[in-house]
Every structure is written in structure tokens, then in C-alpha cells.
Amino acid sequence: QVQLVESGGGLVQAGGSLRLSCAASGRTFSNYVMGWFRQAPWKEREFVAAFRWSDSNTRYADSVAGRFTISRDIAKNTVYLQMNDLKPEDTAVYYCASALSVVLGITRAEYDYWGQGTQVTVSS
């Protein structure tokens with residue numbers, strides 16, 4: 001069983017930064033993909049970023065490319081999402097996810113395990 005625990009959400013002004021963390025346990029992630037999704041009120045959960053553990057390849061949604069960076073700490077088995085130049089439209093609950101695959105997937109169906117989510121609120 002995989003456990004994913006997010007942290008680092010909060011309230012920030014537009015233009016500010018936050019770093020989200022996703023601590024993973026329960027399996028070895030060296031051959032799999034970790035992703036971040038977000039869900040705003042009344043909207044579908046959408047892809048934000050993905051990271052392939054084996055070769056550090058990444059993929060980003062167009063809406064966050066150039067502002068967000070996904071990375072990892074191998075020793076801590078943790079994936080991060082550094083979010084810079086935040087905008088009010090980035091307000092959402094952010095979810096960490098793990099895929100039993102090497103594909104940098106962008107859909108919910110491609111991920112097998114999910115965290116509980118952390119709220120990010122960006123004020124204008």
C-alpha cells in the first residue's frame with residue numbers, strides 16, 4: 001500500500017511563492033511517476049506536473065510551465081512542487097499522485113494512488 005502525504009499549502013498574495021511537499025511511503029518509487037493535480041471549486045481535477053523517478057524527466061501543464069517546478073529528494077522519498085509567480089487562478093486543492101507506470105500521464109485515470117490534498121489560496 002502506498003501512502004502519500006501533502007503539505008505546504010496556504011494563503012499567499014498574487015506574485016508570491018509556495019512549495020508543496022509530497023512524502024511517499026510504502027514502496028520503492030525508482031521506476032515510477034509522481035504527479036501533481038489540482039481541483040478548484042466547481043471544476044474538474046486537472047493535471048499540473050509530473051516527474052519520472054528513474055530519469056528525472058518532467059511534464060507540465062501549459063498554464064503553469066515556466067512558473068512551477070517539480071523535483072524530488074531521493075533520501076526523503078519526497079516530491080516537491082515549487083510554485084512561483086502565483087496567480088488567483090492557481091487557487092485550488094492540490095493533490096499528489098503516484099502512477100505504477102513510466103508514462104508521464106496527464107489524466108486522473110493514469111494514476112493509482114492519491115494523497116488527501118492541500119489547499120492553496122492566492123489572493124489578488
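Everything numeric in this text was worked out from a predicted model, so none of it was measured. Each residue takes its place number in the sequence, starting with 1.
- Not counting sequence neighbours, the partners of Ser124 by the side chain to side chain contact (heavy atoms under 4.5 Å, CB included) test are Pro88.
- Listed by chain and number, the residues in a side chain to side chain contact (heavy atoms under 4.5 Å, CB included) with Ala23 are Thr78 (sequence neighbours excluded).
- When the side chain to side chain donor-acceptor pair (under 3.5 Å) test is applied to Glu89, no partner is found at least two apart in sequence or on another chain.
- Sequence neighbours left out, the pairs with a member in residues 60-124 that pass disulfide (SG to SG under 2.5 Å) are Cys22-Cys96.
- Every residue meeting the ring-ring contact (aromatic ring centres under 6.0 Å, His included) condition with Tyr111, not counting sequence neighbours, appears here in chain and number order: Phe37.
- Thr121 pairs by the side chain to side chain donor-acceptor pair (under 3.5 Å) definition with Gln119, not counting sequence neighbours.
- Here salt bridge (charged side-chain N to carboxylate O under 4.0 Å, His left out) pairs that include residues 90-106, with residues two or more places apart or in two chains, are Arg38-Asp90, Arg67-Asp90.
- Applying the disulfide (SG to SG under 2.5 Å) test to every pair with at least one member in residues 47-89, sequence neighbours left out, gives no pairs at all.
- A search for side chain to side chain donor-acceptor pair (under 3.5 Å) contacts involving Arg45 returns Gln39, not counting sequence neighbours.
- For residues 53-82, there are no disulfide (SG to SG under 2.5 Å) pairs, not counting sequence neighbours.
- Judged as a ring pair (Phe, Tyr, Trp, His ring centres under 6.0 Å), not a single pair has a partner in residues 54-101 (not counting sequence neighbours).
- Within the structure, no pair that satisfies the salt bridge (charged side-chain N to carboxylate O under 4.0 Å, His left out) test touches residues 97-119, not counting sequence neighbours.
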